[in-house]
Structures are given as structure tokens and as C-alpha cells.
Amino acid sequence: MRPFGTTIFTEMSALAARTGAVNLGQGFPDTDGPGEMLAAAAEALAGGANQYPPLAGIPGLRSAIAAHEQRFWGLTRDPDGEVAVTAGATEAIAAAILALCEPGDEVVCFEPYYDSYAASITLAGAVRRPVTLRPGPAGRFEFDPDELREAFGPRTRLVLLNSPHNPTGKVFTPAELELIAGLCREHDVFAVTDEVYEHLVFPDAASPHVPLATLPGMLERTLRISSAGKTFSCTGWKVGWATGPARLVSAMLRVKQFLTFVNGAPLQPAVAVALSLPDSYFTGFTAGLRDRRDRLVAGLADAGLAVLPSEGTYFVTADIRPLGGTDGIEFCRALPGRSGVVAVPTQVFYDHQEAGRHLIRFAFCKRPEVIDEAVRRLKS
Ligand code: PMP
Ligand code: GLN
């Protein structure tokens, strides 16, 4: 694991703390999630829910996860066997890869990728086969279907797909998903989907979010992962989940029992409450986030950056070349000193770093006044 060093999020948040810069690096909200959820956690904590929950999670949360998947995505899950609670999406991703991959197996993913993917693939002794996302004519990130086809081979074990996608803000369209699904069927491989931003899609996206598991022939081969962190603004709680056919969920649990075993006893009932909130919570949260995206995008453009479209997530990507920048890492390390703002260099999320050298990522999951202050600093 030595080459993995310290994550960019840790480095950049420490830099923000040290310099007093506005932190638009690590993706965490600066306001709390729904009051009902917080009250339920406090009540559970005071009410004795403080010992090991069952390995797969408390029944009330598993039922709430199943009901949520039915309500939003039309997926029917048996809470007993097809749903497992994990220590954030991060643990679910790690446990899924460790469970499904033998050493030497290949994992097809898209770059830039969330940093834990490379680490988990390495821990499993597996090999990543990244397919590069590149801005197309309108700035939207796209992949070359031939490159995707070539990434599949006899050793391919699974596809790891993140949509809505961090860091680009891309939402994969049904046509793109069908290409991926077709290759999964053709090569008879599993899919692990990271859908932590499932609700955070803006109305101007090329398409709404579609879980890969809903495509023909995919339900039986897909482990779908999500988390409370992003949707309910509680990234520090680390309550996530995986859903899928019982054979995949139980394989993942076999690994998970030796990673953390369980976590978040008093938080689990609270996340069940959050998942059961009316549709208006989900649409309201996304609408608020969209306003903040628009605010930051306008400000970044005003400050002279070339901003790429963000269709969802907490993030927007900007090209530093109009400001004379060439290397995002250098640019981001200097930015707190130059302007008092922290961003994240996208290049660290690639194997082919050249493709992202000039790109940096900003988080807009912050209060409007914080975004305005960051913009003011960047402009000056
Ligand atoms: N996947 C993606 C794409 C993410 O951006 C994050 C960061 N929240 C995670 C997984 C990890 O989620 P969690 O904090 O629930 O482990
Ligand atoms: N998911 C968050 C991001 O992309 C950070 C998570 C972390 O710090 N590991 O910014």
C-alpha cells in the first residue's frame, strides 16, 4: 500500500485548516441533515441502542433500505438476505471487491475514479482497467465505446461503476448504461455500482439517474451500493449499504464481518427514519444544492476558470488553463496561499494522469455565504 501515500482529501483539508482557506476540497456539507434524523439518533443513543447490531444491520434499517429502493427505483429487495448495512459506501466497495475478485482478476472502471477504488482493487490483488472519461464537444464527460470494449477480456471479473460520478458530476445516460450492461452480459461479469449520489441529480442533466441493476439481465449480477452520507448530509456517520441478489450480498458479508463487523448502532435507526422521509425532502435537498452549484459555477467562470457542466453530485470541475495553469496539483497546492481557497486536483484520480492534469474539482455542498466568500477570494 506504500504507493498510496495520504489521500488527497486528508492533505487538502489539512492545508485548509493550516492556512484558514475556504475548503471547497473534500466533499462534506457544512450544515446538518434533516432534524427528524438527528432527533432519532439522539433518542436511540439515550435509549440504549449502543451495542453490536446484527452483522447485516438492524431489521428496521434493512426494511427502510428495501422500501426506499422500491419507491425510487422500482427494485424489489428482500430485507432478509438481499440488503446489508455497511460502514459507509467505502466499506461496501472494499468488501465487494475483496469478495468477488481473486488475485489477477481485472476490474473495469472509469477514470477519474474515487480514490478508494484503486486501493480496494490493490488490496484484493486484482488489476484495474480504467476507461478514460474525457470532456466532449459540449464539455460533458464521455467515454469511447471502443475503449470500453477493449477493457473487457478473459480476466474481467467485474465492472465498478460510479454514477452520478465523482469527481466529474457526470450522470451516465441510459444509452451509456446499456453499452456497459451489454458488455457485462456478453462477458458474464458482475457489476458493483456506487450510487452514493443517487438523489443528487439536477434537472438539466442529460438524463435522470438510472441504476444499472434496472437494465435487462443486470439485477442478478449487480451489487448496488449507496450511503446516507451524501443524501442526508451526515458524511461522518459512515452508514452505507449494499443491495443485490442474496449470493452477492452474502459473499460481501463474509468479508465485511472481518473488516468492521458492524458499526453505527444508534445511527442505524436514524438512517431508517431519513430513508422514509417524504419525496419532498429529496427534491428539496437537490433543489437547494442546485442553487449552490449555480452560484459556484457563475463565480468560478467570473474568476476566469473554464467550468465544465456538472449534472449531479456535490462537485464541479474547472479547467485551469485559461488562468495560465498547467498542473492541477501545483495549482491546488498554491491556491490557499494565492487566494485562500482549497480545491482538489482531479489528476490524482487517474492512471493516465495526463488526461486530468489541467482539471481541478470544487465542492459546492456549502452554505451560500461560504461559496460567495470563496468566489470573492478567487476573483481578487
Ligand atoms: N463513493 C463515492 C463516489 C464518494 O464520493 C464517496 C465519498 N462519500 C464514497 C463512495 C464514500 O462514501 P462513505 O462516506 O459512505 O463511505
Ligand atoms: N467523498 C468525499 C470526496 O470525494 C471525500 C471522502 C474522503 O475524504 N475519503 O470529496
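All ligand and atom numbering here is 1-based and tracks the order in the structure.
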Query raised in the report: Does Glu91 pair with Lys238 as a salt bridge, N-O distance under 4.0 Å?
Result: no
Requested in this report: For the pair Arg290 and Asp294, find out whether any cationic side-chain nitrogen is under 4.0 Å from an anionic carboxylate oxygen.
Outcome: yes
Report task. Decide yes or no on ring-ring contact (aromatic ring centres under 6.0 Å, His included) for Phe282 and Phe232, but give the supporting numbers first. Result -> CA-CA 9 Å; Phe282 298 88; Phe232 304 115; 5.8 Å; yes
Is it true that atom [atom1] of [X] has more than 12 heavy atoms of other residues, nucleotides or ligands lying nearer than 6.0 Å?
{"X": "Arg185", "atom1": "CZ", "answer": "yes"}
{"X": "Gln51", "atom1": "CD", "answer": "no"}
{"X": "Glu43", "atom1": "CD", "answer": "no"}
{"X": "Arg71", "atom1": "CZ", "answer": "yes"}

**Report entry** Beyond-backbone contact of Asp115 with Val348, side-chain heavy atoms, under 4.5 angstrom
**Finding:** no
**Report entry** Considering all heavy atoms, the nearest Pro309-Arg140 contact
**Finding:** CG-N, 3.8 Å
With the criterion set at N/O pairs under 3.5 Å, what does the list of contacts between the protein and ligand 2 look like, atom names and distances included?
residue: ligand 2; atom: 1 (N); partner: Lys230; partner atom: NZ; Å: 3.2
residue: ligand 2; atom: 4 (O); partner: Asn166; partner atom: ND2; Å: 2.8
residue: ligand 2; atom: 4 (O); partner: Arg361; partner atom: NH1; Å: 3.0
residue: ligand 2; atom: 8 (O); partner: Gln26; partner atom: NE2; Å: 2.7
residue: ligand 2; atom: 9 (N); partner: Tyr114; partner atom: OH; Å: 3.2
residue: ligand 2; atom: 10 (O); partner: Gly27; partner atom: N; Å: 2.7
residue: ligand 2; atom: 10 (O); partner: Arg361; partner atom: NH2; Å: 2.6

Hey, what polar pairs (N/O, under 3.5 Å) does ligand 1 make with protein?
residue: ligand 1; atom: 1 (N); partner: Asp194; partner atom: OD1; Å: 3.4
residue: ligand 1; atom: 1 (N); partner: Asp194; partner atom: OD2; Å: 2.5
residue: ligand 1; atom: 5 (O); partner: Asn166; partner atom: ND2; Å: 2.8
residue: ligand 1; atom: 5 (O); partner: Tyr197; partner atom: OH; Å: 2.6
residue: ligand 1; atom: 8 (N); partner: Lys230; partner atom: NZ; Å: 2.6
residue: ligand 1; atom: 14 (O); partner: Lys238; partner atom: NZ; Å: 3.1
residue: ligand 1; atom: 15 (O); partner: Ala89; partner atom: N; Å: 2.8
residue: ligand 1; atom: 15 (O); partner: Ser227; partner atom: OG; Å: 2.6
residue: ligand 1; atom: 16 (O); partner: Ala89; partner atom: N; Å: 3.1
residue: ligand 1; atom: 16 (O); partner: Thr90; partner atom: N; Å: 2.9
residue: ligand 1; atom: 16 (O); partner: Thr90; partner atom: OG1; Å: 2.6
residue: ligand 1; atom: 16 (O); partner: Lys238; partner atom: NZ; Å: 2.7

